[in-house]
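Let me begin by presenting the structure, written as structure tokens, before commenting on it.
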Number of protein chains: 2
Amino acid sequence: MVVDNGRRRPTIEDVAAAAGVSRGTVSRVLNGGVNVSPTALAAVNKAIKQTGYVVNTHARSLVTQRSGSVAFILSEPQEKFFEDPNFQVLLRGCTQALAEHDMPLLLSIADSEQDRERVVRFISGGHIDGALLFSVHAGNPVVSRLASLGIPAVTCGLPIGHEFDLAYVAVNEAEGGRLATAHLARLGRRRIATVTGPLDTPGGRDRLKGYKDGLEEAGLALDQKLIAHGDYTRISGQLAMEKLLKQDPELDAVFVASDLMALGAMDALARAGRSIPGDVAVVGFDDSPSATSAIPALTTVRQPFKRICEEMVRLLLALLDGQEPAAVILPAELVIRETA
Amino acid sequence: MVVDNGRRRPTIEDVAAAAGVSRGTVSRVLNGGVNVSPTALAAVNKAIKQTGYVVNTHARSLVTQRSGSVAFILSEPQEKFFEDPNFQVLLRGCTQALAEHDMPLLLSIADSEQDRERVVRFISGGHIDGALLFSVHAGNPVVSRLASLGIPAVTCGLPIGHEFDLAYVAVNEAEGGRLATAHLARLGRRRIATVTGPLDTPGGRDRLKGYKDGLEEAGLALDQKLIAHGDYTRISGQLAMEKLLKQDPELDAVFVASDLMALGAMDALARAGRSIPGDVAVVGFDDSPSATSAIPALTTVRQPFKRICEEMVRLLLALLDGQEPAAVILPAELVIRETA
DNA sequence: CTGAAAGCGCTTACAG
DNA sequence: CTGAAAGCGCTTACAG
């Protein structure tokens, strides 16, 4: 039963009165119940229910000097955010992982210079305890600012240039690239091309490394004509594929460093009249929702996004707890569907 | 120049000392500068810069009883959230509109019974001042709870069942449906089908109404065989289109109540060997990013998402200011591309 | 195990 | 226009 005395929200004082104890005891119950007698505990819990008490987080934060919330920072130009299905998965995953700790997620989008200023100001203003960072190109100013301010932060993907002063969670990018390439070689493909991401991102750099490893492992020569670059957008995948087809019309496979770019590459292949996987086998990266809905369904390297989010939140909470920044590398996994 | 005295953040006390005034005066400057002499104002502003002072929002919220943040609540099953590109646009638009008022956006996802409980608890706990609500089916429990708790809330789209106790922003759905249908009729199409959204959503219900209006206006008869229903997912659009083709193989146009479903419908048409727009003209709804990237590019009814977000935030701030709930209806606009 | 008390950093009547 | 002071609702040594 919830008692509503007028309009005002019940405070710890009301609970104390109802339970016949002091405010201190109520507070102790609220904070884990240590040094509280079973009798008092029961009385307080009953009083909490009875009064419908909910802690005032502002009052609590004022004394604990902790805000109890974290920011999800997207420092990416707007178009990519719009287009990339991975962000939604990550946003949701983090929201849920945080919710399990009863922490709200503050969304901050910092894709312009001005926004970045605001976001950094906001964060250094102590409004949040820590940050979850996404889409981190080498040299991203938000990342450096956070790192130099010493604000607890965890990045998704290896933060190039801050490998040692920031915590991060990443899939084993190189291994993923190697798995994809090895799979294509195993299928008997001999002219395996690749579309990379930007080389100032870990996904661009390391998936390419994996591609090279896979080629070498299969005894295939590295050929610069078979390498093109994209920026993770669908259209960039299409353009890169067109370029590759021009450079080497005989190519029979392609490893594309993201599913979205793979979709673009498939558009280009279709327009060029190549069948998939008959003429050209395609492997993507991410296992994003678009991979399954593609026609034909995309063979890809899976990033365990849910797990990534959980680990990011875990790492961030550990940082808030005073632990040192750590890195978590998750295994990549090949998901075989129809395109290869 | 920022002075860092040890590790502790400067407080209003530090600013007062630096400016040679009382805390009260500093606070007055912070809150608009009324009743402050030009001299004091200048001194305080200088001291703020000098000390690098940033207001402690928790302390402020504790006394003002306002949190200064609002929640973006998504009460939608997970799959749709993942798939629907509109959410990203809305999320971004609201984040930005709010940022202009220096208010952070808290993201809450309430797609399960349990999540809903948490979200309602969170909100009634006073952690936020108001809510922005999305994807509102009639009878959504979160909506009713918010409405009955009297928490300032603005919904995106007409909140069926709460038309009069909640503020909302919506595009003129019926007019959009009418425009789409009229356009198809004007193109000479005579067997115009429609794929609706769920009829317990304003978009499902009212776009269908517009379709009927458009038909009538063009002197075309309403035929139940030409109406099928989807749930805004791509696959549902495909299934609905397949059903329509079965029910009336002679249909020559279709108005689909969302772009995403239109994409699904186009998949079905392609599989059935119908050319677009040659055999069947297609008009979508939303003008989401997927409309432009579709091949062929989708003719659609534009929802002014950016404007919608701005109006939602404006309305919410007005509610927080004590104004009565209002409704804003924005005009729909036809965007002609390649499919019709 | 418990209560009384100080204090977190701000805002806002109130008196002048 | 300005300062002194009360108070927002909590946590946490401290003493017992």
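By convention in this document, chain letters (A, B, ...) are assigned in the order of the sequence lines, proteins followed by strands, and residues within each chain are numbered from 1. This is a predicted model, so every value here is computed, not measured.
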Look at Q65(B) and dG9(D) and indicate whether a side-chain polar atom (N or O) is within less than 4.0 Å of OP1 or OP2. yes

How about V143(B) and L133(B): do any of their side-chain heavy atoms sit closer than 4.5 Å? yes

Indicate yes or no: does E310(B) engage R314(B) in a salt bridge with an N to O separation below 4.0 Å. no

Report yes if a side-chain nitrogen or oxygen of T11(B) is closer than 4.0 Å to either non-bridging phosphate oxygen (OP1 or OP2) of dG9(C); otherwise report no. no

Can you tell me if the side-chain N/O atoms of T25(A) get under 4.0 Å from OP1 or OP2 in dG3(C)? yes

Quick one: which of dT2(C), dG9(D), dC10(D) gets closest to the side chain of L62(A)? dG9(D)

Using OP1 and OP2 only, check whether a side-chain N or O of N35(A) sits under 4.0 Å from dC1(C). yes

What I want to check is whether an N or O donor and acceptor connect the side chain of R28(B) with the base of dG3(D) at under 3.5 Å. yes

Just to confirm, is there a sub-4.0 Å distance from OP1 or OP2 of dT2(D) to any side-chain nitrogen or oxygen of S37(B)? yes

Side-chain donor or acceptor of S108(A) paired with backbone N/O of I73(A) under 3.5 Å: no

Spacing of the C1' atoms in dT12(D) and dG16(D) (rounded, Å): 16 Å

Are OP1 or OP2 of dT11(C) and a side-chain N or O of N31(B) less than 4.0 angstrom apart? yes

